[in-house]
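Read the structure below first, then the notes.
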Number of protein chains: 2
Amino acid sequence: QSRAVSGIAADKKQVELAMTHVPDQPGIAAQLFGALASNNISVDMIIQSVRQDDNTNDIAFTVDQTDLQDTLTLLEKVKADMGSGEIYYETDVAKVSIVGVGMIDRPGIAADMFKALAQANINLKMISTSEIKISCLIDQAQADDAVRALHRQFFPEAANDEPKLV
Amino acid sequence: QSRAVSGIAADKKQVELAMTHVPDQPGIAAQLFGALASNNISVDMIIQSVRQDDNTNDIAFTVDQTDLQDTLTLLEKVKADMGSGEIYYETDVAKVSIVGVGMIDRPGIAADMFKALAQANINLKMISTSEIKISCLIDQAQADDAVRALHRQFFPEAANDEPKLV
Ligand SMILES: C[C@@H](O)[C@H](N)C(=O)O
Ligand SMILES: C[C@@H](O)[C@H](N)C(=O)O
């Protein structure tokens with residue numbers, strides 16, 4: 001079977017933010033990301049999972065660490081305008097990804113990635129997938145361990161080389 | 001500025017599931033997706049956002065609707081093995097996406113997508129992004145409205161054509 005994973009990527013320069021406990025109704029995500037776009041803040045990941053039992057939801061996203069202060073100031077305005085929501089953020093995170101082609105058609109690949117990281121005792125804070133990339137947000141302090149673990153998992157023949165970072 | 005969005009996609013054949021209130025500790029995601037992979041169940045989206053205040057998290061994912069029953073049976077086993085977690089699922093969902101290139105570098109594109117859907121009174125159940133695709137899970141009943149709204153937003157010059165579905 002041809003190799004599906006072509007490389008491993010680690011990004012230590014992103015920070016993770018979220019507006020939590022926002023009303024799960026039309027227009028909320030539009031209001032949040034409209035505000036970010038109007039202020040020219042580039043967003044990398046946007047992750048929103050299933051709603052909570054109290055009909056609120058959390059909207060998480062990442063920005064470059066250099067945009068943290070501007071983003072926090074903006075979120076305070078959005079929270080005031082919305083009249084609801086809490087602001088959450090974590091700075092010491094890293095986004096680690098496996099990169100490839102057609103990964104969605106290979107059920108085991110995400111599982112293999114998660115197992116490799118679990119064996120290195122790495123907690124997955126956030127998870128997001130696409131056909132060409134499976135990404136996890138983890139503690140920044142564990143980023144190097146994560147890359148090594150993923151390298152061992154997906155490039156075992158290259159055990160003595162430097163990880164193939166993209 | 002060159003067009004970033006090249007097409008609109010709608011998939012009405014997926015169902016949304018989640019294991020909710022699982023311990024936010026290493027190995028949990030690995031256990032869940034390891035079980036799915038061992039049973040050859042293909043997963044499309046995997047979405048996990050920030051943890052909850054009680055140190056649990058929710059792990060959401062989608063599968064083809066034909067795999068729903070097998071997946072639910074399997075989740076009951078995983079829940080029993082884990083000794084924790086609840087099973088959540090929704091069948092009447094659709095995944096609508098805008099597809100393009102380099103979309104992460106254009107801050108306003110996700111905002112424009114969310115605004116177009118909000119104006120059509122469509123609630124965004126889940127959100128996931130990559131450089132080439134921004135996807136939202138919505139009510140299946142609103143899928144056609146969603147595609148029309150996105151078409152008006154991103155292909156206004158083609159207002160009288162059929163939406164350019166990929
Ligand atoms: C929570 C937020 O995504 C909301 N469901 C919306 O559509 O904007
Ligand atoms: C919730 C789940 O993703 C957990 N954090 C894990 O690492 O497996």
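Every chain is numbered from 1 and lettered A, B, ... according to where its sequence line falls, protein lines coming before strand lines.
- Residues A/Val43 and B/Ile132 fall into different hydrophobic clusters, defined by Ile, Leu, Val, Met, Phe, Trp and Tyr side chains chained together at heavy-atom separations under 4.5 Å.
- Residues A/Met45 and A/Val96 are members of separate hydrophobic clusters, defined by side-chain heavy-atom contacts under 4.5 angstrom among Ile, Leu, Val, Met, Phe, Trp and Tyr.
- The residue among B/Ser42, B/Gly108, B/Ala18, B/Ser38 with the most heavy atom pairs within less than 4.5 Å of chain A is B/Ser42.
- Contacts between residues 26-35 of chain B and chain A, defined by a heavy-atom separation under 4.5 Å, are made by B/Pro26, B/Gly27, B/Ala29, B/Ala30, B/Phe33, B/Gly34.
- Residues of residues 46-66 of chain B that come within less than 4.5 angstrom of chain A, heavy atom to heavy atom, are B/Ile46, B/Ile47, B/Gln48, B/Ser49, B/Val50, B/Arg51, B/Gln52, B/Asp53, B/Asn57, B/Asp58, B/Ala60 in numerical order.
- Hydrophobic clustering, with ILVMFWY side chains joined whenever heavy atoms are under 4.5 angstrom apart, groups A/Val22 together with A/Ile87.
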Pairs of donor and acceptor atoms involving the side chains of residues 69-77 of chain B, under 3.5 Å and at least two apart or interchain, shall be tabulated with distances.
residue	atom	partner	partner atom	Å
B/Thr71	OG1	B/Asp67	O	2.7
B/Thr73	OG1	B/Gln69	O	3.0

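- Interface residue A/Glu16: only side-chain heavy atoms are found under 4.5 Å from chain B.
- The environment of B/Tyr89 atom OH is sparse: at most 12 non-hydrogen atoms of other residues, nucleotides or ligands sit within 6.0 angstrom.
- Cluster annotation: A/Val15 is connected to A/Met19 through the hydrophobic network of ILVMFWY side chains, with a link wherever side-chain heavy atoms come within less than 4.5 Å.
- Neither the backbone nor the side chain of A/Leu137 comes within contact range of chain B, judged by heavy atoms closer than 4.5 Å.
- The hydrophobic cluster containing B/Ile109 also contains B/Phe155, counting ILVMFWY residues as joined when their side-chain heavy atoms lie under 4.5 angstrom apart, directly or transitively.
- Scanning residues 115-130 of chain B against chain A with a 4.5 Å non-hydrogen threshold yields B/Lys115, B/Ala118, B/Asn121, B/Ile122, B/Asn123, B/Leu124, B/Lys125, B/Met126, B/Ile127, B/Ser128, B/Thr129, B/Ser130, sorted by number.
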